[in-house]
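Throughout, protein chains are lettered first and strands after them, A, B, ... in sequence-line order, and every chain is numbered starting at 1.
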Protein chains: 2
Amino acid sequence: MTTDIPRPTGVQSLARAFGVLESLAELGGEAGLSELAAATGLAPGTIHRLVRTLVDLGYLRQLPSRRYTLGPKLVGLGETAAHQFGRWAQPVLAELVAQIGETANLALLDGDQAVYVAQVPSPHSMRMFTEIGRRVPVHCTGVGKALLSALPAAESAAIVARTGLPAVTPTTITDPAAFAAEIAEAHVRGYVLDEGEQETGVRCVAAPVVGPGAGDNRAAVSVSGPTSRMDDATITRIAPLVVAAGRRLGALLATA
Amino acid sequence: MTTDIPRPTGVQSLARAFGVLESLAELGGEAGLSELAAATGLAPGTIHRLVRTLVDLGYLRQLPSRRYTLGPKLVGLGETAAHQFGRWAQPVLAELVAQIGETANLALLDGDQAVYVAQVPSPHSMRMFTEIGRRVPVHCTGVGKALLSALPAAESAAIVARTGLPAVTPTTITDPAAFAAEIAEAHVRGYVLDEGEQETGVRCVAAPVVGPGAGDNRAAVSVSGPTSRMDDATITRIAPLVVAAGRRLGALLATA
DNA sequence: GTGGCTTTTCCGCATCATGGAATGTAGAGT
DNA sequence: ACTCTACATTCCATGATGCGGAAAAGCCAC
């Protein structure tokens with residue numbers, strides 16, 4: 001490269017290696033060397049050396065067909081990372097559960113989906129099955145809609161354009177205009193509801209994690225429970241609590 | 001470094017960076033710079049540059065306290081990797097389901113727990129709720145015990161010592177001696193049974209993934225279904241099939 | 001058998017990462 | 001409140017290290 005930005009570079013081989021990993025993920029998790037070269041714009045020789053190193057380390061795996069896939073070690077690291085995320089969020093989520101009595105979740109925006117990274121289950125015996133690490137669509141979940149509501153309108157529109165609005169339950173919002181209105185309203189109101197749009201019988205209040213340092217961090221909190229316990233009065237009562245939790249988590253992330 | 005092995009190295013900055021990530025994971029997911037320097041044996045300046053790059057890329061996160069934790073991007077990569085794992089295992093699992101008619105799972109050992117990375121559900125309407133990415137204890141699950149049975153005895157004993165043997169159902173094995181015997185028997189027999197030890201009414205046959213390339217890869221297959229359909233005769237019939245699937249998956253991993 | 005394709009290896013050049021020492025900062029101890 | 005220590009961060013000259021073009025080796029299809 002002749003003219004890149006003067007100084008914002010860190011360790012370049014590292015940035016490139018992770019670029020390869022990300023490209024591989026975008027390419028569906030499996031790709032040949034030349035596909036990676038095309039995707040990253042690097043010379044074949046360079047990519048090969050990078051990739052060989054990653055294979056040696058166990059973060060990439062080479063198939064008999066000589067193509068490459070993501071390796072097992074990444075699963076472990078990712079899991080550890082998800083747990084770690086849970087750790088700092090845990091106190092805030094636990095407080096939510098204590099105040100509200102329903103399961104609280106933290107999710108991150110990853111690509112065009114939301115991924116759950118932390119959870120504190122409700123004390124009730126009738127629990128919710130939100131698994132850590134699970135990925136869900138953004139358009140039919142509380143956390144997903146909360147994540148979108150915190151994004152610039154153009155960006156959230158782009159995501160919706162890519163994923164579409166497939167119906168998951170009878171109450172899933174499938175009309176683009178109605179969905180845009182929902183997001184816009186959530187943006188000004190600060191929280192969003194999920195009326196059984198992902199799973200019938202489950203109501204959910206969600207709010208984005210907002211704050212100075214949350215820019216890169218696209219996260220959202222939610223509280224969800226069965227419709228029987230989540231009546232309108234309850235929702236009205238807990239919405240501010242969820243919003244406050246989002247702010248608190250944002251402050252934790254922000255730091256400084 | 002003055003005298004390392006002449007040439008078997010790949011890209012060293014990469015190896016070091018991933019070493020940092022692994023050290024961080026081993027240190028409980030959170031560490032200061034000097035702890036990392038001590039753990040990896042590198043100079044503080046070197047680590048700092050590496051770490052700064054990773055922070056810029058989003059794979060690491062710096063806390064207010066100036067300490068470091070694993071970043072959100074790792075969660076996403078790990079998830080993608082786990083899904084990818086499902087892809088190559090899918091054919092083998094699907095064949096198991098075709099032969100047996102019950103849900104087949106693939107799990108990896110991660111730390112002291114087992115994590116499910118792939119699943120093919122049974123055609124029966126009464127299905128099992130094994131979520132991809134879910135973590136389960138090793139002592140009360142088929143896959144967990146199968147994983148242990150493939151480990152050196154010392155290592156599996158160390159895991160059990162750390163996790164203990166908490167009862168999850170009335171049939172969970174809680175006696176250390178009985179558990180050790182169970183693992184030893186599984187080691188020679190090649191497969192292991194789960195008699196509702198994790199969930200009442202669910203029986204399960206599991207076998208480790210074994211083979212030349214499986215060394216680092218700690219994986220196990222399982223087939224599970226309701227007790228009503230999993231009688232003794234069925235178990236006897238399907239156990240060899242599960243074992244064979246474990247071997248086949250091991251061969252796939254080995255490759256070359 | 002032959003041709004195009006991708007993957008892999010090689011090698012000289014300059015860049016890029018390196019790590020020790022210097023500076024800045026936070027928190028503990030007195 | 002002040003100092004002292006320990007840690008995180010920045011700087012810089014050195015040379016080892018990663019870079020990428022081009023050539024070799026394989027693979028597959030025709």
Visitor: Any side-chain N or O of A:Thr46 under 4.0 Å from OP1/OP2 of D:dC19?
Guide: no
Visitor: Under the side chain to side chain contact (heavy atoms under 4.5 Å, CB included) rule, collect the residues that match up with A:Ser23, sequence neighbours excluded.
Guide: A:Leu36, A:Ala39, A:Thr40
Visitor: Rounded off to whole Å, could you give me the CD1-to-C1' distance for the B:Ile47 and D:dC7 pair?
Guide: 14 Å
Visitor: Could you pull out all residues at least two apart from A:Ala207 that satisfy side chain to side chain contact (heavy atoms under 4.5 Å, CB included)?
Guide: A:Tyr191, A:Val242, A:Val243
Visitor: A:Leu14 CG to C:dC16 C1': how many Å, rounded?
Guide: 13 Å
Visitor: Measuring from the side chain of A:Leu50 (C-beta onward, heavy atoms only), which nucleotide among D:dC19, D:dG20, C:dG19 has the closest atom?
Guide: D:dC19
Visitor: For B:Phe18, give me all partners under ring-ring contact (aromatic ring centres under 6.0 Å, His included), at least two apart in sequence or on another chain.
Guide: A:Phe18, A:Tyr59
Visitor: Who passes salt bridge (Lys or Arg N to Asp or Glu O under 4.0 Å) against A:Glu26, sequence neighbours left out?
Guide: none
Visitor: In B/S/- notation, 5' to 3', how is nucleotides 7-14 of chain C contacted by protein heavy atoms closer than 4.0 Å?
Guide: SBB-----
Visitor: Given C:dA17, C:dT18, D:dG20, which nucleotide is nearest the side-chain atoms of A:Gln12?
Guide: C:dA17
Visitor: Among residues at least two apart in sequence or on other chains, which ones pass side chain to side chain contact (heavy atoms under 4.5 Å, CB included) with B:Ser222?
Guide: B:Asn105, B:Val143, B:Cys204, B:Ala206
Visitor: Just jot down the side-chain hydrogen bond (donor to acceptor under 3.5 Å, both in side chains) partners of A:Arg67, sequence neighbours excluded, or say none.
Guide: A:Glu30, A:Glu35
Visitor: Angle between the end axes of the helix from C:dG1-D:dC30 to C:dT30-D:dA1, five pairs per end, to the nearest 10 degrees?
Guide: 50°
Visitor: Does B:Val160 reach the side chain of B:His139, with side-chain heavy atoms less than 4.5 Å apart?
Guide: no
Visitor: Test of understanding: with side-chain hydrogen bond (donor to acceptor under 3.5 Å, both in side chains), list the residues that count as partners of A:Ser149, not counting sequence neighbours.
Guide: none
